[in-house]
Amino acid sequence: MTQSSPYILVDGSSYLFRAYHVPYLQALSTADGHPTGAITGVLNMLRSLNKDYPDGKVIMVFDAKGKTFRNDLYPEYKANRPPMPDDLRCQIAPLHNIIRAMGYPMLVIEGVEADDVIGTLAEQASAQGLETVISTGDKDMAQLVTEHVTLINTMTNVTMDVDGVVEKFGVRPDQIIDYLALMGDKVDNIPGVQKCGPKTAVKWLTEYETLDGVVANADKIKGKIGENLRAAVEQLPLSYELATIKTDVELEKNLADIEASEPDTETLRSLYEEFELKRLLADLNAGSVPATQEDAATANDAEELTPLNQDIPSNYQIIYREDELDEWIVKLIKSGCFAFDTETTSLNYMQAKLVGLSFAIEPGEAAYLPIGHDYDDAPEQLSLELVLSKFKPLLEDETLLKIGQNLKYDANVLNNYDITLAGIGFDTMLESYCFNSVATRHNMDALAEKYLDYKTVHFEDIAGKGVKQMTFNQIDIDKAGHYAAEDADITLRLHQVLWPKLEKSEKQCSVFTDIELPLLPVLARMEQHGVLIDADLLNEQSQYIATRLDEIEVAAHNIAGKSFNLSSPKQLQTILFEEQQIPVIKKTPKGAPSTAEEVLQELALDYPLPKLILEHRGLAKLKSTYTDKLPLMIDGQSGRVHTSYHQAVTATGRLSSTDPNLQNIPIRSEEGKKIRQAFVAPDNHKIVAIDYSQIELRIMAHLSNDPGLLNAFAQGRDIHQATAAEIFNIELDDVTNDHRRSAKAINFGLIYGMSAFGLSKQLGIPRGRAQDYMDKYFERYPGVLTYMEETRQLANEQGYVETLYGRRLFLPEIKSRNGARKKAAERAAINAPMQGTAADIIKKAMLAVDAWLTVENDPRVKMTMQVHDELIFEIHEDIVDEVTKKLVQIMNDAVELKVPLIAEFGIGDNWQQAH
DNA sequence: CTTAATGCGTA
DNA sequence: GTACGCATTAAGG
């Protein structure tokens, strides 16, 4: 945020042309046929700009009719341009009228172009040291960028400062005119050097700085292109002049005298009515709501989006007849790429029955194909068999791209009908996640609100909620049809907004294209295959725990002298701290005496009751979460447990797992291990678990480039032992278990962005000692310290950090004035590149493993689970050794780091043994 | 019936 | 001190 409000100079003409060419805006017109797409586009852009810069002083600038000084310089200027189409021309006057009625100052100066007026105003602002933002879709304006002048393309929300210009064009803003002159411009008919494109222009300017420099050295340039340059020398000054935006246009008013006026709501209302601008009319009637500071803050994270998709008529069709279906199938095939969605009876993909399909090929052009609505007097629908037989080829066609929202679900459902979804082209959930993993939840309703400013029909709106909620097959087809068609429609529109955003960043795009999207079918296969659970073993364990819990309860009640609920912290407080008069060690944030684990641990040394409570808590949790629950989650059909892996949940890029969560199965306690024993291999198979050893520390070594750390890993040392030797300044062989434990705590702590305070607590040592350890660590591994400081700084500067592969994690709290929150965000900034890179790596490994499995096509090997740094397989015992060896190799070679990547394996009859 | 707070399982 | 999901209780409607 700049201190005084910036001037926002809007290149209205460039937006007008761009909006006119946006396909889905071209459909817009009033009922009597007056086109309004370009008007809508420009006004939407303006609305978004206002939201981004609530304090900005907006000045609208348009080209005037007729010739300009450039035509005097060069009669051929823009001679190749076709005349303005009538359906655009007729939108100009209404747009001007609306903008005037809105109260914006508007400049239309004859004899010069909008660019020149903007250049002049920007120059005036800069002279006064005022900030200026130029809103334009025209890249030529890059020549105006300075320390005080930035560009924003409000249609794509890309901003550009001096560094941005260098990044985008490869030359500085002050070289842009030279750059444009060299290249010339076909559309504007500006001559340049034949065959000189951006690459050549940048090359020359990098070497010779300016156009004059290039011309002076023209003799040195070899080949045909050198000849072309020499042939153009005469012309180049003219090209330069034509490409130069004026900054000294004579204006009637000075910048300071240009002021906005009050909106003329009556005129606006009549104009909005005349041109049927319903959304603006609604805004007007609601009283315009100023954008909040919070909105502005998120907008500045360079991730807020421009809703251009509003006010689009939607034409939703419900397909009942075979000829209608055939027509749609032709349309879908011709489209080459369509949005699609399934409607089913359940969120559980194993149990879900298909109720209908929906598609969209253009925004607003969508259809719903009902097949399984079975309420009383439901209209007759096409049969499932007919529909699937016609759709199977389309859905399995690699070359026919599908756009979906969470396509993994649809793929899983279709799999139940023997359809293997292929041509998974885009998934809007993953697009949103790769673009910004923390901005919203990535469900369709949230995305539509955020990115399209559109409120969708929610499932609850048509199905009801709570126990009375209907399943989709019970819902009235008309209602269901609108909902379903909208789903496909909105998915398509979201894709049209999100994809261009994602494409702006090559790295983010690559995370989507090379990691997340290909991982989708891999996860789908793992989910479908499921894991085998020994229910009898778990039930047995449940019984045992139940008995033990009863014993504990009786004992606890005896000590307390009364009956109470052991799992109620509140009742426990009363018993422990009031009735038993046990001293209060720690209080909860709200001031109540804490009964947290660590408190009870300490009290357990002196009192019997806390010890019982601890055991009770542990066992009760184990029983309810795992031993009772897991057997209930076995699918009746497959006899296995099918989790859901969520690909768009975590901020860092990890997967998460639910229903059940297979990523938090106990491992440490004895009782916990029993649960892993229940994850068994099928007959004649083994469970193989392969996990990455110290992956996050290895990544820290890679990212920090610290020689000591790199060396320790290169030599295959026990990293905690090596660290201990360094910190305590002793020989490797003299490292005791205690030393190693301390070093391990430091190593882990560093990954979490820990402070000396945290370390002291972890190790139970004084703060000063902890600080000494850390100082010593950083002294021995200075690269790590530098890396941490740089990461922190980077996070502060750009508001996000990146993984090795370009996954981006935004940290909105990094700008918080609340010290604690800011600190927490900084710790997250330290952790995210390491945790996130580890997530990227195992995802890449899963892709490599899956690729190999696909080639082998051997049903005796299945990848069944992922637990962050570990992959679990079921492998037939005949081939288990060789396959495991191969899998370890694939995981080791999944990526190349500056340190070796080591995967370790275990083989057993169950998951516990395999560890 | 939903939500927040607490506690605890994993990497 | 990072990142999650789930069970439970208690409070709000």
Side-chain angles (χ1 to χ4, degrees), chain A residues 437-438 460 465-469 564-573 588-590 592 594-601 613-614 616-630 633 643-646 649-669 671-673 675-676 691-697 700 745-763 770 774 788 791 801 809 811 820 823-839 842 865-871 911 915:
Chain A
S437 62
V438 284
E460 286 181 353
K465 56 181 191 170
V467 286
K468 289 182 200 151
Q469 188 169 65
F564 71 101
N565 182 349
L566 273 74
S567 40
S568 164
K570 203 168 174 209
Q571 293 183 30
L572 190 60
Q573 278 163 21
T588 63
K590 282 184 159 178
S594 169
T595 60
E597 159 101 3
E598 51 162 359
V599 174
L600 296 185
Q601 291 278 6
I613 300 292
L614 280 173
H616 185 274
R617 270 189 192 169
L619 290 176
K621 158 116 190 182
L622 235 43
K623 181 170 185 291
S624 63
T625 314
Y626 305 108
T627 60
D628 284 356
K629 195 73 183 294
L630 282 173
M633 305 200 77
T643 186
S644 288
Y645 288 106
H646 299 272
V649 169
T650 73
T652 52
R654 276 188 176 179
L655 296 177
S656 82
S657 152
T658 64
D659 309 301
N661 179 357
L662 293 184
Q663 295 179 320
N664 71 340
I665 304 298
I667 189 167
R668 292 188 238 281
S669 69
E671 291 84 353
K673 287 181 178 169
I675 295 166
R676 288 202 175 210
D691 71 303
Y692 280 121
S693 154
Q694 310 290 4
I695 187 164
E696 293 186 4
L697 277 176
M700 186 164 87
I746 293 177
N747 278 331
F748 273 102
L750 286 165
I751 294 171
Y752 298 149
M754 179 189 62
S755 62
F757 177 74
L759 182 63
S760 73
K761 230 169 75 178
Q762 171 75 25
L763 292 176
M774 286 185 67
M788 305 245 155
T791 304
V801 290
L809 170 64
L811 300 151
K823 278 271 185 325
E826 286 185 347
R827 288 193 296 271
I830 301 275
N831 176 257
M834 292 184 266
Q835 191 184 120
T837 301
I842 195 149
M865 288 191 271
Q866 189 254 42
V867 191
H868 306 312
D869 64 358
E870 174 183 10
L871 295 178
W911 194 6
H915 247 278

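Per chain, numbering begins at 1; letters A, B, ... match sequence-line order.
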[X] vs [Y] side-chain heavy atoms within contact, under 4.5 Å:
| X | Y | value |
| --- | --- | --- |
| A:Val867 | A:Ile665 | no |
| A:Phe748 | A:Gln762 | no |
| A:Leu566 | A:Ile613 | yes |
| A:Met865 | A:Tyr645 | yes |
| A:Glu671 | A:Thr627 | no |
| A:Met754 | A:Arg827 | no |

Of the listed nucleotides ([options]), which one gets closest to any side-chain atom of [X]?
| X | options | value |
| --- | --- | --- |
| A:Asn831 | C:dT2, C:dA10, C:dG5 | C:dT2 |
| A:Met754 | C:dC4, B:dA11, C:dG1 | C:dG1 |
| A:Thr650 | C:dA3, B:dT10, C:dC6 | C:dA3 |
| A:Ala828 | C:dC6, B:dG7, C:dA3 | C:dA3 |

What's the [atom1]-[atom2] distance between [X] and [N], to the nearest Å?
| X | N | atom1 | atom2 | value |
| --- | --- | --- | --- | --- |
| A:Ile665 | C:dC6 | CD1 | C1' | 11 Å |
| A:Leu622 | C:dT8 | CG | C1' | 15 Å |
| A:Gln835 | C:dA3 | CD | C1' | 4 Å |
| A:Lys623 | C:dC6 | NZ | P | 19 Å |
| A:Asn664 | B:dG9 | CG | C1' | 5 Å |
| A:Ile613 | B:dG7 | CD1 | P | 13 Å |
| A:Glu696 | C:dC4 | CD | P | 13 Å |
| A:His616 | B:dT6 | NE2 | P | 21 Å |

If you look at every strand shown and take non-hydrogen atoms under 4.0 Å, does [X] touch a base, only sugar-phosphate, or nothing?
| X | value |
| --- | --- |
| A:Ala824 | nothing |
| A:Ser657 | sugar-phosphate |
| A:Ile667 | sugar-phosphate |
| A:Gln762 | base |
| A:Tyr626 | sugar-phosphate |
| A:Ile751 | nothing |
| A:Lys629 | sugar-phosphate |
| A:Arg827 | sugar-phosphate |

Do A:His868 and A:Glu696 have a side chain donor and acceptor closer than 3.5 Å?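 No, A:Glu696 and A:His868 have no side-chain donor paired with an acceptor closer than 3.5 Å.
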Between the base of C:dG5 and the side chain of A:Asn661, is there any donor-acceptor pair under 3.5 Å?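 No pair found.
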Would you indicate, yes or no, if [N] has its OP1 or OP2 atom less than 4.0 angstrom from a side-chain nitrogen or oxygen of [X]?
| X | N | value |
| --- | --- | --- |
| A:Arg668 | B:dT10 | yes |
| A:Arg676 | B:dG9 | no |
| A:Ser656 | C:dG5 | yes |
| A:Ser624 | C:dT8 | yes |
| A:Lys621 | C:dC6 | no |
| A:Asn565 | C:dT9 | yes |

Nearest-nucleotide 5' precedence on DNA chain C, A:Arg654 against A:Asp659: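 Looking at DNA chain C, the more 5' nearest nucleotide goes with A:Arg654.
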